[in-house]
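First the structure, in the form of structure tokens, and then the observations on it.
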Amino acid sequence: VIEPFDVLVIGGGVNGTGLARDLAMRGFRVCLVEKKDFASGASGANSGMIHGGIRYLRYDRKVTELASIDSGYIQKIVPHLLFRIPFLYPITARNASRPTLRERAWAYGVEVYFGTYDQYSAKKGGKPSSHLSPEELYALEPALRRNAVAGLTIDEWGIDPWRLCLLNALSAQRHGATVLPYTQFVSFVRDSSGAVTGAELRNPEGKTFAVSAKITFNCGGPWAPRIAALAGLDVRIRAGKGVHLLLDRRLTNYGVICGAVDGREIFILPWGDASLIGTTDDDYYGDPDSLRVTEDEVEYLLEGVASAVPAVRQATIMRTYAGIRPTLYEYGETEDALSREHEIYDHAAAGVPGLFTLLGGKLASFRVQAEEAANLVCRRFGRDAPCGTHLEPLPGGERFPDIRASSEQYQVPELVVERIAHRQGANTEAVLELAAREPALRAIACPCEQVIGAEMVWALRNEMVHHLTDLSRRCRVGWGPCQGSRCALEAATIYGAERRLGIEQVYRELTEFLDARFIDRRAILSGAQLAQEELGRGQHFTTGNLDGSHRS
Amino acid sequence: VTRVLVIGGGMAGGIAALAARERGADVTLVRRSYGATALSSGAIDVAADPLSTPEDPLGSEIPMLAAADEIGRLRPGHPYGVLRERLDALPDSLQFAQRALAGLIGEAGSHNRFLSTPFGTAKPTAMAQLGMDAIDMSTIDGTVGVVHFPSLPHFNGDLVAAGLKLARERLRRSGQTLPIPCDYFRHRDDALLLPHELAARTEADVDGLANAVKRSAPVGISAFLFPPFLARRSPAKIAAALEKALGAPCGETVSGTPSVPGLRLQEAIDDALRRAGVRIVLGEVRAGSPEGPFQAFVDGGDSALETDTVVLATGKYIGGGVTRAKAYVEPVFRLPIHSGRRRLDSEFIGSLLDRQPGGDHEAFRAGVRIDDQLRPMGEGDQPVSRKLFAAGGVVAGYDPAFDKTGLGVAIFTGYLSGRAAAG
């Protein structure tokens, strides 16, 4: 049993880590538990947009406003994780030289709509939208199909959502929180009155232990209903499955909003060396632990993007991922019309005092959601501690390094330094220092994502890595086009050496890493991707014999 | 003289062309580019013991031929199952391939040997490149030294030594396995060199390499293992020179991709084809009716290449012999695709996959179903033509990664189809 806590936070997604940080900064004794790695659920399976959500303006002005304001704060506390991503919205007509009256009315409507969004856009440091002629549109984005009558721009921001969650957790830890990834929540501990007074947890070795806490916050996202059910509560979400595709190259210079076959808006955007396509939104009734992408969903997204960017059919899909939006429950609405509003439930009303649930919300407004929840905790404890999460930078966000100077000083290519800088911010020089001390760590271990060994070792020493698969979320190892054919063995070797693991455990970690990568490719094994798969299987199982000799 | 057209120039196509040529046929080989053979490990897998397990890699210790027969019995759709009555020709085919590639490939033994890999595992395989096949983890005793270059991170001697220690225990061998760090590639930018560039360096300076190893090796090493880039072209020569200098057998591990041994193998096949007088055409076969008479149009040319028989040896997904866009297609003759006995068309990929990447996937057994004369089957249970044969990766029912029978099946089916095509 660890010390008694003020607050136990269940869930290592953006809501859980954000709340743990806020509470720890306000001086509460906090315990954060997550059953896997940080951001391994929905918080790591989204588009990574810190946007205002122009889409939600139609249904939910409040969400847009809140997200825009909070996005502005998030940019200030983790500038190194952010990248600007302007979007183009082509307004199309069946016959671009002679748009119909209806098409012209639509174009006008869209322009007014974008004008409305400009009021919010400024709050997050975005430039106002602008109107483009078709010629200007094609000059900016030559890959577009030539069926536009006009174009509009919006200015958005993208973020590395995996590191955002990690940095929140690290910051919470620095402010005194006990942070326990790979720790399973088993059940609630309740007193005779039925109040929740803590929880039974299971550590990675399978040992259960109890922690006591005055307040328990359920931040389980898609798992929140299951957690609440263990206290006999009925918390409902309208689970929405969102699928993303990653292409092996940058097809566009800007984000492009495209219309899918059913009229929904989807997008393609440049993300590092890749293009990201998203997203579907379908009701999901299955087990959140066994989410799978289907070939239908892949084709739906490709068809939609091809309507605006035909070259998408020539690209290779590297991988897919899926997440579940824990949207608030509503009956009788389509998935897109569901509110992205968040909600904090005090289950005292249902006879379970001491337990709260924070549900729904947006990545872009996680901080203000956490602030609201922490304010509530303050009121419960009768404490008057101000929120500081919008002022204090997250670890690494204090300063952006001088990329060229570091590149020269440490003799590491600028491209590599830049990538480290956008993950490590102010810690970049410390990472490069490792490489300087141990020259083998200067070599590029993951050629697709240009990750050097030193960054892996830094993550292993400082970023709560429990398994080799976590390293992908820390620094993208194995997420590029080869999907681990070239880097899995090296990453496992570095991991094993750093942790002094026995060889059998190294093989186990390596196999789990390959298994995890494979899940992301199952729905895209077609065309050139099958050849890549044959190559990767040859590497690990024909040459490497990692599966033992033969199984019949 | 029978005119034979071989489509595909990897191991299966190469052996088919050589076998047809040996029977006096006039052989043309059309190839698009290098494929899976050029990416292969340097070892030639024929049949791992199907009764072996990771913990007991020796399994029932049956001879390789018996293992092939066992695989054929357990998996009737595997080429060893389809051709089970003809398995007595398997040793002939291996000998034929070994003779054709004699400067590079060593002879097959009666049992599998266990060769070391860059993963630190020991891999059961039938034959391998000279200098690679010398150090068999299932027979060697004493201290094995794993030479590595700490400045090159892509081959980690500590991991390989630790893995081989475990592998040798499981193979019931005694003796130590030691990493031997060597400062040969110590220039700062050496880490950027590709394997074939490293191989060109060691090939040109074997004395320098031997001296560097001598400086760091402890006494009493009974065999030295090197990373799989000892030589760009002839590893046997370099291994022999190192052995002379170091006083113990020297050899490479098998290779992952990019693979220098794979390139060597492909080049040795090309040399053998040229020596045998096979006409090699670079290009793509566009059309042809599977019923014949065959008229292949190569690379957009207008004049048809006329032939009496055809061997289809186009490989699987890497080679392009089997493709899957919306549906499974064999692109040259539009032959139906099967996995074992199941006809594959446009089913969802998910139903053809196992949960783990190394598992038993129907998708990776996809190919053209053949009869025991190696003739592709049409939509019925009848061969589409008496003059069309198939060999290697394009044949249905086997998965090199899972069965560990890859290049062995390529040689066996290549040999039989080449002889059949020559008439």
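Chain A is the first sequence line, chain B the second, and so forth, proteins listed ahead of strands; every chain is numbered from 1.
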Per-residue contact mode, [X] against chain A (heavy atom under 4.5 angstrom):
{"X": "B/Leu159", "value": "both"}
{"X": "B/Ser255", "value": "backbone"}
{"X": "B/Thr121", "value": "both"}
{"X": "B/Lys165", "value": "neither"}
{"X": "B/Thr257", "value": "both"}
{"X": "B/Asp190", "value": "neither"}
{"X": "B/Ala122", "value": "backbone"}
{"X": "B/Ala162", "value": "both"}
{"X": "B/Ile349", "value": "both"}
{"X": "B/Pro150", "value": "backbone"}
{"X": "B/Arg355", "value": "both"}
{"X": "B/Asp399", "value": "side chain"}

According to the interplanar angle, ranging from 0 to 90°, do the rings of [X] and [Y] count as parallel (below 30°), tilted (30 to 60°) or perpendicular (above 60°)?
{"X": "B/His78", "Y": "B/Tyr80", "answer": "tilted"}
{"X": "B/Tyr184", "Y": "B/Phe149", "answer": "tilted"}
{"X": "B/Phe119", "Y": "A/His540", "answer": "perpendicular"}

Contact between [X] and [Y] at the side-chain level, heavy atoms closer than 4.5 Å - yes or no?
{"X": "A/Arg404", "Y": "A/Glu418", "answer": "no"}
{"X": "A/Met318", "Y": "A/Thr316", "answer": "no"}
{"X": "A/Ser485", "Y": "A/Gln532", "answer": "yes"}
{"X": "A/Glu534", "Y": "B/Phe364", "answer": "yes"}

Heavy-atom contact with chain B under 4.5 Å, split by part of [X]:
{"X": "A/Phe541", "result": "both"}
{"X": "A/Arg486", "result": "neither"}
{"X": "A/Arg517", "result": "neither"}
{"X": "A/Gln529", "result": "neither"}
{"X": "A/Glu299", "result": "side chain"}
{"X": "A/Ile444", "result": "backbone"}

Intermediate values then yes/no, salt bridge (charged side-chain N to carboxylate O under 4.0 Å, His left out), A/Arg521 and A/Glu533: CA-CA 9 Å; A/Arg521 295 194 302 269; A/Glu533 198 66 33; 2.6 Å; yes
Pair B/His148-B/Phe185, side chain to side chain contact (heavy atoms under 4.5 Å, CB included): steps then yes or no: CA-CA 10 Å; B/His148 67 114; B/Phe185 290 105; over 6 Å; no
Evaluation steps, side chain to side chain contact (heavy atoms under 4.5 Å, CB included), between A/Glu429 and A/Tyr410: CA-CA 9 Å; A/Glu429 290 88 348; A/Tyr410 293 99; 4.1 Å; yes
So which of [options] has the largest heavy-atom pair count under 4.5 angstrom toward chain A?
{"options": "B/Gly319, B/Ala43, B/Pro357, B/Gly256", "answer": "B/Pro357"}
{"options": "B/Thr323, B/Leu166, B/Asn112", "answer": "B/Leu166"}
{"options": "B/Val254, B/Leu353, B/Asn156", "answer": "B/Leu353"}

Neighbour count above 12 (heavy atom, 6.0 Å) for A/Arg499 CZ: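 Correct, the count exceeds 12.
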Residues forming a salt bridge (charged side-chain N to carboxylate O under 4.0 Å, His left out) with A/Glu490, sequence neighbours excluded: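 Salt bridge (charged side-chain N to carboxylate O under 4.0 Å, His left out) check on A/Glu490 returns nothing, list empty.
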Atom pair CD (A/Glu295) and CD (B/Glu347), whose distance is rounded to the nearest 0.5 Å: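 One finds 10.0 Å between CD of A/Glu295 and CD of B/Glu347.
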